[in-house]
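What follows is a short report on a single structure.
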Amino acid sequence: MTKPSLHRACFAIRWVTGLVLAVVMGAVFAGAWFVPEALRANMPILSGMGHNTAIALALAGMALLLPRQRWWLGGLVAAISAAVLLQYLFAWRPPDGVWRIVLNVDGRGSSWT
């Protein structure tokens, strides 16, 4: 492959991968947020995915699509990842409220489900 054709091939792979990640994970997040019962019934394997995971993967897909915004999109992905790691490191499982929803913790306090 010549350099220009290799460059076009890498661009196409990056664009398709970014688009698929952003669209699919955006749909999974929307489904988990608005109609969790339908997501559990139709795609049970995706119902266990945390909101933060879907958001981080959608942001990663957007970073592949938007090269000029990669530094701050990557920073958001890193911040979400650090927050999740700190959550497990300090065993922080809020019993109720908005943090329970954001951190994807069920009512029993288990964040691994």
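- When every heavy atom of L73 is checked against every heavy atom of L66, the shortest pair comes out as CD1-CD1, 4.4 Å.
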- Hey, mind stepping through W15 and L65 against side-chain contact (heavy atoms from CB on, under 4.5 Å) and telling me if it holds? CA-CA 6 Å; W15 191 82; L65 289 172; 3.5 Å; yes

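- The cluster map of Ile, Leu, Val, Met, Phe, Trp and Tyr, joined by side-chain heavy atoms under 4.5 Å apart, puts W72 and M62 in the same cluster.
- Residues that satisfy the side-chain contact (heavy atoms from CB on, under 4.5 Å) test with A58, not counting sequence neighbours, are M25.
- Rounding to the nearest 0.5 angstrom, the gap separating the CZ atom in F34 from the CG atom in L39 is 13.0 Å.
- Between I80 atom CD1 and T53 atom OG1 the span is 9.0 Å, to the nearest 0.5 Å.
- I13 and F11 end up in different hydrophobic clusters when Ile, Leu, Val, Met, Phe, Trp and Tyr side chains are linked at under 4.5 Å.
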- Please step through side-chain contact (heavy atoms from CB on, under 4.5 Å) for the pair I55 and V77, ending with a clear verdict. CA-CA 8 Å; I55 291 170; V77 171; over 6 Å; no

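- When the side chains of ILVMFWY residues are joined at heavy-atom separations under 4.5 Å, either directly or via intervening members, L76 and W33 end up in a single hydrophobic cluster.
- The shortest heavy-atom contact between L21 and G61 is CB-CA, 3.7 Å.
- Scanning all heavy atoms of the two residues, the minimum distance from P67 to R14 falls at CG-NH2, 4.5 Å.
- Through chains of ILVMFWY side-chain contacts below 4.5 Å, F90 is grouped with L86, L89.
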